[in-house]
Amino acid sequence: MPRAWPGWLSAWLCLCSAVHGLRIQQYLYFQVLSPGDIRYIFSATPARDFGGVFNTRYEQIYLVPTDPPEACGALNNGVFVEGQIALVERGGCSFLSKTRVVQEHGGRAVIIADNAYDNDSSYVEMIQDGNSRTADIPALFLLGRDGYMIRRSLEQHGLPWAVISIPVNVTSIPTYELMQPPWTFW
């Protein structure tokens, strides 16, 4: 049964929480600033037991879809990932392996979108892959529909990346100004 959190706690954490059984699922939010047709605030979940945390707020940073999309090896567009945030597709290798590939290419973080393009509600818990490897950059899981819509918009506009702001404190935004994706129910 969901329970309400005090408003001050949500604001302090800069995260929204929802109770799932006995475990609390935390969300991190980012906003696409460009292209304008997907100028929405998206929610993502951080990896459970690997990767870093966002210690810096990026007002404008590129979200670069990787080539190849699954990022299980060397990236053809690694030079564009350096210093930016990578958008990766789920599948082909572990979440940790993808995170390490992006880290090795100089990425500041990775957002891994579900490869089920119709998934608009089920988050996957990203866990360590059972070996002794680690990653230092933040890793987030994004719903498949959100990832698909971002990539589709970039393709339609012929753009190599989106401009985003991350993390976004949604508790400081009036409800009527929250630009949520119309295909996702929060």
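Worth saying up front: this structure is predicted, and the values here are computed from it rather than measured.
Glu89 and Tyr117 share a side-chain donor-acceptor pair at under 3.5 Å. Side chains of Arg57 and Ser165: a donor-acceptor N/O pair is present below 3.5 angstrom, by distance only.
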- Glu70 vs Cys93, side chain to side chain contact (heavy atoms under 4.5 Å, CB included): CA-CA, chis, key distance, verdict: CA-CA 8 Å; Glu70 291 179 343; Cys93 60; 5.8 Å; no
- Task: Could you please spell out the steps behind the side chain to side chain contact (heavy atoms under 4.5 Å, CB included) verdict for Leu63 and Leu154?
- Result: CA-CA 10 Å; Leu63 177 63; Leu154 294 176; over 6 Å; no
- Query: What do the steps show when you test Met149 against Tyr40 for side chain to side chain contact (heavy atoms under 4.5 Å, CB included), and what is the final call?
  - Reply: CA-CA 11 Å; Met149 296 301 279; Tyr40 300 116; over 6 Å; no
- Query: Taking it one step at a time, do Ile166 and Leu28 satisfy side chain to side chain contact (heavy atoms under 4.5 Å, CB included)?
  - Reply: CA-CA 8 Å; Ile166 189 169; Leu28 186 136; 3.6 Å; yes
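Atom CD of Gln31 sits about 10.0 Å away from atom CD of Glu59, to the nearest 0.5 Å. Leu75 CG to Phe80 CZ: the interatomic distance, rounded to the nearest 0.5 Å, is 12.0 Å. We find the CD-CZ distance between Gln156 and Arg152 to be 5.0 Å, quoted to the nearest 0.5 Å. Separating the OG1 atom in Thr99 from the CG atom in Leu140 is a distance of 9.0 Å, to the nearest 0.5 Å. In this structure, Ile164 CD1 and Ile38 CD1 are separated by 10.0 Å, a value rounded to the nearest 0.5 Å.
For Ser43 against Asp146, the heavy-atom pair with the smallest separation is O-OD2, 4.5 Å. Taking every heavy atom of both residues into account, Ala113 and Gly147 meet most closely at CB-CA, 3.8 Å. Closest non-hydrogen pair, Ala162 versus Pro35, comes out as CB-CD, 4.2 Å. Contact record, Ile61 with Gly83: CD1-O, 3.8 Å, taken as the closest heavy-atom pair. The two atoms that bring Met126 and Ile112 nearest to each other are SD-CD1, 3.8 Å, heavy atoms only.
With a 4.5 Å cut-off on side-chain heavy atoms, Asn76 and Pro68 count as touching. At least one side-chain heavy atom of Ser97 sits under 4.5 Å from a side-chain heavy atom of Asp129. Contact of the Ile85 side chain with the Tyr62 side chain is not registered, since no non-hydrogen atoms from C-beta on lie closer than 4.5 Å. Looking at Asn131 and Gln128, their side chains come closer than 4.5 Å, going by heavy atoms from C-beta outward. Looking at Pro160 and Asn77, their side chains never come closer than 4.5 Å, going by heavy atoms from C-beta outward. At a threshold of 4.5 Å between non-hydrogen side-chain atoms, the residues Thr66 and His105 do not count as touching. Annotation: side chain of Tyr123 is in contact with side chain of Leu143 (closest heavy-atom distance under 4.5 Å). Contact annotation: the side chain of Val101 never approaches that of Val110 to less than 4.5 Å [non-hydrogen atoms, C-beta and beyond].
The backbone N or O of Asp136 lies less than 3.5 Å from a partner atom in the side chain of Gln103, making a donor-acceptor pair. Of the possible donor and acceptor atoms, one in the side chain of Arg39 sits under 3.5 Å from a partner among the backbone N and O of Leu33. Distance alone, capped at 3.5 Å, places no donor-acceptor pair between the Gln84 side chain and the Gly106 backbone.
Shown are Leu142, Asn115, Asn119; of these, the side-chain contact (heavy atoms from CB on, under 4.5 Å) with Arg90 is made only by Asn115.
In the hydrophobic clustering of ILVMFWY residues, with side-chain heavy atoms under 4.5 Å counting as a link, Tyr148 and Leu159 come out together. Cluster membership for Val32 and Met179, using ILVMFWY side-chain heavy atoms within less than 4.5 angstrom, is shared. Hydrophobic cluster membership differs between Ile137 and Ile127, with clusters built from Ile, Leu, Val, Met, Phe, Trp and Tyr side chains linked at under 4.5 angstrom.
Looking at residues two or more places apart in sequence or on another chain, you find no ring-ring contact (aromatic ring centres under 6.0 Å, His included) involving Phe54.
The aromatic rings of Phe30 and Phe42 lie parallel to each other, with less than 30° between the two planes, well short of the 60° mark.
Salt bridge Glu155/Arg151: absent, no basic N to carboxylate O contact under 4.0 Å.
Remark: Phe50 CZ is packed, more than 12 non-hydrogen atoms of other residues, nucleotides or ligands lying under 6.0 Å away.
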